[in-house]
Amino acid sequence: MAESRMNPVSGGSHEHEIAIESLLDERRHFPPPPAFAAHATLNDPAIFARAAADPVAFWEEQARELDWFEPWHTALEWDLPFAKWFVGGKLNVSYNCLDRHVLAGRGDKIAYHWEGEPGDTKTITYAQLLDEVQRCANALKALGVGKGDRVAIYMPMVPELPVAMLACTRIGAPHTVVFGGFSAESLSDRINDSQAKLVITADGGWRRGKVSPLKPNVDDAVKMSPSVEKVLVVRRTEQDVAWDASRDVWWHDIVPQQAADAAPEPMDSEDMLYLLYTSGTTAKPKGILHTTGGYLTGVAATHRWVFDIKPEDVYWAAADIGWVTGHSYIVYGPLTNGTTSVLYEGTPDFPDAKRWWSIVERYKVTILYAAPTAIRAHMKWGRAHAQHHDLSSLRLLGSVGEPINPEAWMWYHEVIGGGRCPVVDTWWQTETGGIMISPLPGITTTKPGSATQPVPGIFADIVDDKGESVPLGEGGYLVITKPWPHMLRGIYGDPQRYKDTYWSRFPGKYFPGDGCHRDEEGYYWLMGRVDDVMNVSGHRLSTTEIESALVDDHRVAEAAVVGTPDSLTGEAIVAFVIVKGSTTITPELGEELRAHVAHKIGAIARPKQVMFTPDLPKTRSGKIMRRLLRDIAAGRPLGDTTTLADATVVETIRDASANAKDDD
Ligand code: WTA
């Protein structure tokens with residue numbers, strides 16, 4: 001029982017697994033602390049029944065929390081699998097994030113406490129943010145960007161990043177933010193798929209005390225991306241950069257000079273708000289398409305409920321805006337709710353492992369939202385760093401991006417939360433737009449390692465291979481059974497792939513690609529991906545994408561990539577490589593291939609280990625048996641091998657892997 005609930009990515013060592021098992025055996029429950037529940041925004045469980053009685057009316061109620069220029073005439077048009085929410089309604093995202101707070105007299109409220117990695121800081125009020133966004137909106141127009149044009153954003157975590165996103169929404173230009181850790185080639189792929197006209201970037205960002213250059217990658221990307229007309233560059237790290245005067249424009253030469261007055265474009269509820277690329281099961285990333293009214297409704301509501309947002313909170317989502325967590329819960333959700341947030345540029349261990357805790361203390365952070373990988377890193381660095389600082393301002397802790405093992409959950413709860421803060425483990429995806437399964441901190445009794453239950457208005461189930469709902473106490477595939485306002489509207493330019501990926505496995509139901517166990521009390525225990533997608537440090541990476549980067553090297557004949565449990569990063573990437581005949585296998589070759597992947601995709605995709613092998617295990621139909629490779633990579637006893645074309649291959653690979661050593 002405990003075994004079946006054990007999180008498959010919770011750790012490599014046997015000892016570690018035993019620790020988790022014993023925790024599960026204790027069946028710990030954490031009801032909301034009474035004082036927390038008494039003041040919580042939501043503390044009446046009746047909200048679940050109310051949402052279930054009429055989900056569409058319930059979401060309409062949430063949509064009314066926004067400011068609309070024109071009301072919708074139809075709440076939901078559901079032509080499975082294509083949804084339209086709040087049809088006919090008109091609104092503007094930047095208006096909802098900024099103007100309405102300023103108009104209500106809250107212009108002096110702090111929107112962001114920004115802190116750069118070197119220690120420079122900036123306090124930005126709602127009024128100042130509105131001012132800057134309007135100037136930037138005018139600059140975008142001056143650079144030839146109009147309603148409907150796509151803008152690619154490739155930036156460090158500086159205030160100009162949310163400014164750029166909001167400026168795009170102000171004029172109705174969809175953005176596609178590309179995480180700054182991606183390579184020139186990955187950036188170019190995304191620019192080409194979205195046909196972006198403008199790229200907004202910076203000279204570089206600060207990472208562990210060093211400049212992480214961005215502009216050179218943009219220069220390389222743009223050579224392969226003819227749609228780009230202009231590049232707008234923020235000066236951040238101040239190193240010399242190559243300059244093409246016919247194309248490149250410094251932010252400081254154009255934005256401050258503009259009028260701080262740009263009327264918000266009334267957008268249709270179903271107009272595209274942004275594209276965000278994410279890894280799927282093929283080498284080509286998917287452009288996940290989000291629209292305006294439903295998305296904003298969903299992220300604002302879930303942000304209010306799950307984080308119990310109060311006007312006086314100081315909220316910190318320690319994520320990067322380049323991922324969906326940053327879009328929904330650093331920018332759009334918090335700003336729509338008029339929240340004060342912390343925005344931090346750098347890594348958690350610069351200049352030392354106290355950095356996060358010093359930020360919590362200095363800004364008196366009340367709500368912290370972080371990834372399990374970061375929590376496990378802090379565990380490894382030791383509790384002394386946290387204990388060095390006053391963390392008593394914290395009242396709520398959140399987790400996102402990957403399953404959180406009970407051990408990390410308990411550490412977070414006790415060491416960071418002092419045993420007094422509820423922990424909300426939030427399950428969701430780029431595609432879902434916002435939080436889907438999570439405790440409501442004033443209502444839900446939590447269990448370490450479980451994301452608990454779908455939030456009000458979201459309907460999930462666990463099904464078997466045939467799509468039949470499984471009884472409580474069993475596991476299977478997670479599905480979402482009703483449309484929701486912040487769901488993706490498609491994969492950009494590829495409606496067939498949208499249908500095939502999410503809606504064909506279990507007809508009529510949305511299939512996120514996650515395995516899940518549901519206990520006797522109906523609690524959801526997420527078990528990781530069931531497809532060829534890995535989750536490394538909370539980042540989604542496609543095995544196929546890394547395989548194609550490997551075979552791109554002329555010495556590689558074939559490659560298979562799998563994720564293996566890693567006690568720090570959740571999963572680690574292991575590549576099995578067959579080299580071409582004449583190639584000599586050396587440790588340097590492994591090193592070069594790892595570097596090649598990092599160069600092609602980005603450092604986050606660098607395999608932890610490369611194993612050279614003379615062959616790969618395949619089914620009779622020629623499909624690589626990743627499950628078997630996962631077992632080999634993790635050093636586990638092998639499961640059923642009867643579908644193998646050549647059973648001796650396993651032994652050969654095993655021998656090869658016994659001789660391979662972790663070259664990290
Ligand atoms: C995984 C990140 C378990 C899951 C917001 C999902 C989680 C993928 C959790 C989406 C969680 C995210 N517990 N697994 N609380 N949150 N995941 O698109 O496999 O970067 O499908 O969105 O991360 O990753 P994405």
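All ligand and atom numbering here is 1-based and tracks the order in the structure. All residue numbers in this chain count up from 1 along the given sequence. Given the structure is predicted, the values throughout are model-derived calculations rather than measurements.
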Sequence-distant partners of Arg518, salt bridge (Lys or Arg N to Asp or Glu O under 4.0 Å), two or more places apart: Asp461
To the nearest 0.5 Å, how far apart are CG in Leu66 and CG in Asn96? 5.0 Å
With sequence neighbours excluded, what pairs up with Arg420 under the side chain to side chain donor-acceptor pair (under 3.5 Å) test? none
Over 60° means perpendicular and under 30° means parallel, so tell me whether Phe511 and Tyr477 are parallel, tilted or perpendicular. perpendicular
Please list, by chain and number, the protein residues whose heavy atoms come under 4.0 Å of ligand 1. Val324, Thr325, Val400, Gly401, Glu402, Pro403, Asp425, Thr426, Trp427, Trp428, Gln429, Thr430, Asp514, Leu526, Arg529, Asn535, Arg540
Applying salt bridge (Lys or Arg N to Asp or Glu O under 4.0 Å) to Asp514 and not counting sequence neighbours gives Arg529
Can you classify the ring geometry of Tyr295 versus Tyr274 as parallel (below 30°), tilted (30 to 60°) or perpendicular (above 60°)? perpendicular
